[in-house]
Amino acid sequence: QMQVQGSGGGLVQAGGSLKLSCAASGSHTVGWFRQAPGKEREFVASETWSGATAYADFAKGRFTISRDNAKTTVYLQMNSLKVEDTAVYFCASGVMSSLNWSRNWEKYDFWGQGTQVTVSS
């Protein structure tokens, strides 16, 4: 069974940066989602096995998803962080043929345990 493990969260001041990592081997699409207290889980970014990427509007220009050469780790570089980015961030993996599907959390089969990102003002 495939395992997915996310890490790299922490506390950062507004305007700062964090880089999250997701260990997710296999030829799958990997996505990042987040969930703030009292809010629904929302899509952040995704990358297919072939390298196609998708971003939520709030992430465009600030967040970058990438995969290492061995394709065993997917990163989410988050810059210019805002207080409203505070949430638990989850990485997930799944097999899907459409990049558009990667925005839907229900399309993913394997989930990491989540890592807390807290942005202070």
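Numbering starts at 1 and runs along the sequence shown.
Smallest separation of non-hydrogen atoms from F43 and Y55: CE2-C, 3.7 Å. Listed here is the closest heavy atom pair of R67 and H28: NH2-O, 3.1 Å. Taking both residues in full, the closest heavy atoms of A87 and R34 are given as CB-CB, 3.9 Å, listed atom of the first, atom of the second, then distance.
One finds the OH atom of Y75 at 5.0 Å from the CG atom of D68 (value rounded to the nearest 0.5 Å). Distance CG/L11 to CD/Q116: 9.5 Å, rounded to 0.5 Å. Taking CD of Q5 as the start and SG of C22 as the end, the distance is 8.5 Å to the nearest 0.5 Å.
The ring pair (Phe, Tyr, Trp, His ring centres under 6.0 Å) test applied to F63 returns no partner, not counting sequence neighbours. Not counting sequence neighbours, T53 has no partner by the side chain to side chain donor-acceptor pair (under 3.5 Å) test. Residues passing the salt bridge (Lys or Arg N to Asp or Glu O under 4.0 Å) test with R41: none are found, sequence neighbours excluded. Applying the ring pair (Phe, Tyr, Trp, His ring centres under 6.0 Å) rule to F90 yields no partners; only residues at least two apart in sequence or on another chain are considered.
Hydrophobic clustering (ILVMFWY, side-chain heavy atoms < 4.5 Å, transitive): M96 and V4 are in distinct clusters. Grouping the Ile, Leu, Val, Met, Phe, Trp and Tyr side chains by contacts below 4.5 angstrom, directly or via other members, places Y89 apart from F33. Both L81 and V44 are members of a single hydrophobic cluster when ILVMFWY side chains are connected at heavy-atom separations under 4.5 Å. Under the 4.5 Å side-chain contact rule for hydrophobic residues, V88 and V12 do not share a cluster.
A 6.0 Å sphere centred on CD of E84 holds more than 12 heavy atoms belonging to other residues, nucleotides or ligands.
The pair D85-K82 fails the salt-bridge criterion, with no side-chain N (NZ, NE, NH1 or NH2) lying under 4.0 Å from an Asp/Glu carboxylate O.
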Inset, instruction - For T64 and L76, run side-chain contact (heavy atoms from CB on, under 4.5 Å): C-alpha distance rounded to whole Å, both residues' side-chain angles, the deciding distance at 0.1 Å, then the answer. - result: CA-CA 6 Å; T64 303; L76 183 68; over 6 Å; no

Legend entry - Residue pair I65, W32: steps toward the side-chain contact (heavy atoms from CB on, under 4.5 Å) verdict: CA-CA 9 Å; I65 190 170; W32 284 98; 3.7 Å; yes

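Without hydrogens or angle criteria, T48 side chain to T29 main chain gives no donor-acceptor distance under 3.5 Å.
Residue pairs that meet the side chain to side chain donor-acceptor pair (under 3.5 Å) test with at least one member in residues 7-21, sequence neighbours left out, are S17-N79. Pairs engaging residues 100-112 under the side chain to side chain donor-acceptor pair (under 3.5 Å) rule: S46-S102 [sequence neighbours left out].
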